[in-house]
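The structure presented is a predicted model; accordingly, all values stated were derived computationally and were not measured. So that the names make sense, note that chain A is the first sequence line, chain B the second, and so on, each numbered from 1.
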Amino acid sequence: MKIPLSWLKDFIDLNGLTPEDIARKLTLAGLEVDEILYVGLPMPVYKEGEKHEFKTNGIAWDKEKIVVAEIREVKAHPNADKLTLLDLFDGQQEQVVLTGAPNIFHLKGAGKLEKPIKVAYAKEGSTLYDGHADEQVLMTLKRAKIRGVDSYSMVCSEKELGITDESDGIIILDDDAPVGMPLADYIGDAVLDISILPNMARNANVIGIARELAALTGRQVRKQVDTYTGKQAGNGTRNTQHTTPNLQPVTDLVEIEITNPELNPRFVAGLIRNVEIKPSPYQIQRRLKLAGIRAINNIVDATNYAMLELGEPLHAFDYDVLAGRVGQVGNLPHKKIKISTRAAKDGEKLTTLDGVERKLTSTNVLVCDEKGSLSLAGVMGGSESEVSDSTKNILLEGAAWNFINIRRTAKQHNLPSEASFRFSRGVHPSLAELGVKRGLQYMAEWAGGTIAPDLVDAYPLKPKDSVVDVTSQDVKRLLGIDLTLEQIAELLTRLEFKCQITNNQLQVTAPPHRMDIAEGVIGLADVLEEVARSYGYDNIPTTTMADALPPQVGNPVHEWEEHLRDLLVAVGLQEIVTYRMTSPEREARLRASESYVRIANPIAPERSVLRRSLLTSVLEIAEKNARAESIALFEVGSVFEPNGSDLPFEPRKLAIVMTGSRTASAWDTHSAKDSPHFDFFDMKGRLELLLSGLRLPDISYTAAGASTALTSSRSSFGSANHLHPGKSAEVKVSGQAVGVFGELHPLAKEKFEFGDSPVIIAEFDLDLMRKLNPTYGIKAVPETPPIYEDIAIIVDDSVEANTVEALIRQTGGKTVTDVRLFDVYRGDQIGAGKKSLAYSLTYQSDKTMTDADAAAIRNKIVKRLEQTIGAKLRS
Amino acid sequence: MLDKLKEIEKSALESLAAITDQAALDSWRVAHVGRSSPLMQVFAGFGKLSKEEKPVVGAEANRVKGALESALEEKAAAVKNAALAKSLEEEKLDVTLPGRSVHIGRLHPSTQQLRRVLAILAEMGFQVYTSREVETDDMNFQMLNFPPDHPARDMQDTFFIEADGRSDNPILMRTHTSPGQIRAMREHAATNPQNPPPIRIALPGMCFRYEQITARSEIQFNQVEGLAVGKNITFADLKGTIADFVRRMFGEGARLRFRASYFPFTEPSAEVDVECFVCGGKGCQVCKNSGWLEILGCGMVHPVVLQNGGYDPKVYSGFAWGMGPERQLMLRNKINDIRYFWGNDVRFLEQF
Ligand SMILES: [Zn+2]
């Protein structure tokens, strides 16, 4: 919300406080100032190295050069039809000024003006915004000749002075503007742009901010000069100034019926007759504009001005339209106008004043008369009864509405407005009466007219002012500061709480404009927050918790996953984190799932469901990075499996994708293109390191084939159709399948945009893996020298390597400490259907072994291989 | 004979002096100290010498032999050094050529930052508590004192999940990690409902907001919250704990300030600003000229939340604070586009 300081000064003395001081106090107290906009007042000058505190913007008006002046005569320009020459007095001397302003043009050639026009006059050398530039560009007024006439100064538009971006016409000041006064002293201002959080909704108005500042500075909110002199509802004092006793009181003309007080706790209406609709005084327009509200006419401006000042949104009806609808004529009604409020019926229609016919639901609340609906309560008026240029008599509504209905209605019809902003956050019903009185008063001041006596006031649901008991111990226990009851009372009284000390406690009553203070233990927290704010957060000490430290038990699941991440990084994989939201179509590139957890309000069709396949997410990122020479990515995260209408399952998964160069290219080795590509065994090697790092025992790899359906308690990797049938494997730990890996099936790969190199993928179920028991302990490092020996055997091509290795290990016993396959050969030398497997064996025992010892074991192994799988030793 | 030896020595040393390479040195060795060299011939003809000549010639021949050998040794060292110097000269690298790289793995920057934050919290006694990403409206909002239609819900635009028959308590993507506060409190309270134990936990995890994806806004982001609940926890303790955390996180000299703020699940609430570490508080683009960076939100746990967690607000109190690891990284590393994080371009990831 934008608050001009000049307006704030109507309600509080701000002497001695700079705009920055004010902004700082408000910001620390929870009313964050986002920006200070200077509109005329001197701007702060920061020295080199000095701290800025706020984002600042705007322009200062030079007091010597920019002053109030009066136009005394408007003359034609000798050489230009569209320009006029102004005879103007700036308080010191007469000046001739050139202007093309359309709002002065009609006076051209009218001779000496009967009533001079007050304007903002900028002398030679003034710094202003360029009125012709699209944006705010500073310029300095220089002497020039325009069509043969000397021009050295100007009368200013709002754009040139930084008030609005309106450049079409000059500012016409109010008649009482003092000629010769520096403009900065007359209307110079600074505007605070304040964020209003939901708990501060009560302060979305000038008086609210003044109230907070009063509490923060120990000053007083200025006694509001209440020039409203209409008879106050029920208290019998009559007007003297704007109302006429002979007029019928509004209570004789209008009655209110509230059908549901929960929806509409209060409805107040007042009447003003014989207004003259015209522009508001310039001072008022300027304040409204600085606050971000368009100036329309004196009646609409009065409702907006009163709303910004007090926080009560008002609605003005054309009284004669209402009277006409029920056949009331003149001052002698046949019958009263009967205004009622009720929930709309589903399907009911109303044309709002923006001209849109709106289909309503029972959430919407309507203000009606006997003929039908008049306005969408608290959100927008109806078009029929709105104020027009010919309106004479105004019925002014101030009401309180249920914030939930207003909130829903504004959302439903997409009608955010100043009124709905306030009503949807709760406006205290006490403001309805104050608002109507203030609105009528401003109308009378700016539009003439007479206020009819009395107000109609239906107030069926008066909120109770909350009462909370506070003790010094409460303050100590929750805020950690020692305050006496008197000190607490002082802090709260500043914020207009009523405080009464009895025995050892303080009874606190919330002020009548506040709806955010509860009672009981919640009310206590509400009040203590106000104590803390009033005391100043900065003044509260910083202490170390005295409360006992709970037992430190750690989080094994989290720690296990972090360890897993470390291992994955150690084997050269880059971690990624991807979006949880995807679409079935995106996942179908790899494998489709039948059911998904669906987003009811997706931001885009490609983010319509929660992912079921972590691997697809990682593949998509690998694809995006496909131009990199080497891609080795992993993600650890949840997938989401539907669970009827209950919360979905969120099993944890690991997915890995590798593709591209196995090694990094360098200038003297190979190009990335010639480097060997990642293949099945690059992945397998990493997985072996990973599983041994997790200390998982008894790991086996079996060909996945096309039939693999790895299932877990709830989840499934699905059929492994996306894997190359000959280059994929299932990983088991202690007989429990925990993951699959292998080369992406060529048909699956076709659906992605990858290069030539194979894409190697792996997917693990972390919930299963985490539950497996690791084994700890290490093998002793032998001190005796080992004997190394190579043997090559020829076997049928169908014999699997792990069969051969198992036989070697079984036969060799514990003396054979390592069996490493170092070559596989197929070819003419050994004949078709055969392969040669070359192993490097390591023999080692507690005692130093001889070559003869090794030979004996080797012979045993070869014999076993010959007998069992028909192997032949290759010579 | 002695003259001959002198002659042998002289000519050998002369020819040795001219030698500069190993090959010439090898032939010199053969020619002058080899088996058929003149010097060795002298030794071979030793038997023919008279009794008187033998000791004199023998001594002189041995002296010459020693002299030639030590000269050879010296020359050999010189030749080797010269050769080495030459090869060192020739083996000069262009040290500006690029180094030979290896592919290494890295953690995602968000994980790295989460770890930094969690490590500090662990030192302070706050242990990790993780909870689910898809939540009920109840857990994400109502239990945390956001009643339906509360204006504060506007602060957290929400993704809802399609689910039949749950209009009272829809399923949604959690908008913050705070539902974990309720889950954790309930778990702790269940262990001793009459006298629930104190809590100090850190709640990390991914959160979701209904936003358009732009340079400034994302549909998902990580959050870490700290939560302390006990019988003697005050707002002053909150300030002390946060000051401690900020010191550990941003350095000893980091100035900070507490501003009153609003969160439905804490009261009193505060926003904490740390002095801009980019400009030192002078004002810059990063801090929007304010000199301060908003880094975390905090407050005393709202009595409604304590109650919903099974802790009696008349007896217990607590505080919570929350922050965004991605935001911290963006400030620290001057990242101006939040989409980098889940875009996962390896050229971005490699820089962490
Ligand atoms: Zn800065």
Classify the ring geometry between B:F319 and B:F126 as parallel (under 30°), tilted (30 to 60°) or perpendicular (over 60°).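 Ring orientation, 0 to 90° scale: tilted.
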
Parallel, tilted or perpendicular, judged at 30° and 60°: which one describes the rings of B:F348 and B:F352?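 Judged by the thresholds at 30° and 60°, the geometry between B:F348 and B:F352 is perpendicular.
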
Residue A:Q552 excluded, over 12 heavy atoms near CD under 6.0 Å: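 More than 12 within 6.0 Å, yes.
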
Just checking B:D164: does its CG atom have more than 12 heavy atoms from other residues, nucleotides or ligands closer to it than 6.0 angstrom?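 Result for CG/B:D164: open.
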
Can you tell which part of [X] gets under 4.5 Å to a heavy atom of chain B, answering side chain, backbone, both or neither?
X: A:L633; result: side chain
X: A:L549; result: both
X: A:A548; result: backbone
X: A:D474; result: neither
X: A:R580; result: both
X: A:P551; result: backbone
X: A:E635; result: neither
X: A:D526; result: both
X: A:K624; result: side chain
X: A:L568; result: neither
X: A:K411; result: side chain

Structural part of [X] lying under 4.5 Å from a heavy atom of chain A:
X: B:V301; value: neither
X: B:L172; value: neither
X: B:P303; value: side chain
X: B:N145; value: neither
X: B:I219; value: side chain
X: B:V128; value: both
X: B:Q112; value: neither
X: B:R166; value: side chain
X: B:V305; value: neither
X: B:E218; value: side chain
X: B:I171; value: side chain
X: B:S101; value: both
X: B:Y129; value: backbone
X: B:P197; value: neither

Using a 6.0 Å distance limit plus a 45 degree cone around the ring axis, check whether [X] lies over the aromatic ring of [Y].
X: A:R607; Y: A:Y579; result: yes
X: B:K239; Y: B:F258; result: yes
X: A:R425; Y: A:F423; result: no

Short N-O contact, [X] and [Y], less than 4.0 angstrom:
X: A:D538; Y: B:R257; value: no
X: A:R533; Y: A:E212; value: yes
X: B:K288; Y: A:E35; value: no
X: B:R115; Y: A:E562; value: yes
X: B:E275; Y: B:R255; value: yes

Could you check whether any side-chain N or O of [X] sits under 3.5 Å from a backbone N or O of [Y], counting only pairs where one atom can act as donor and the other as acceptor?
X: B:W292; Y: B:C287; value: no
X: A:R477; Y: B:K231; value: no
X: A:D547; Y: B:I233; value: no

Select, from B:T241, B:V102, B:V304, B:T111, the one with the greatest count of heavy-atom pairs under 4.5 Å involving chain A.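 Among the listed options, the one with the most contacts to chain A is B:T111.
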
Just so I understand: if I count every heavy-atom pair under 4.5 Å between each of A:L528, A:V571, A:V553 and chain B, which residue has the most?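 Between A:L528, A:V571, A:V553, the count favours A:V553.
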
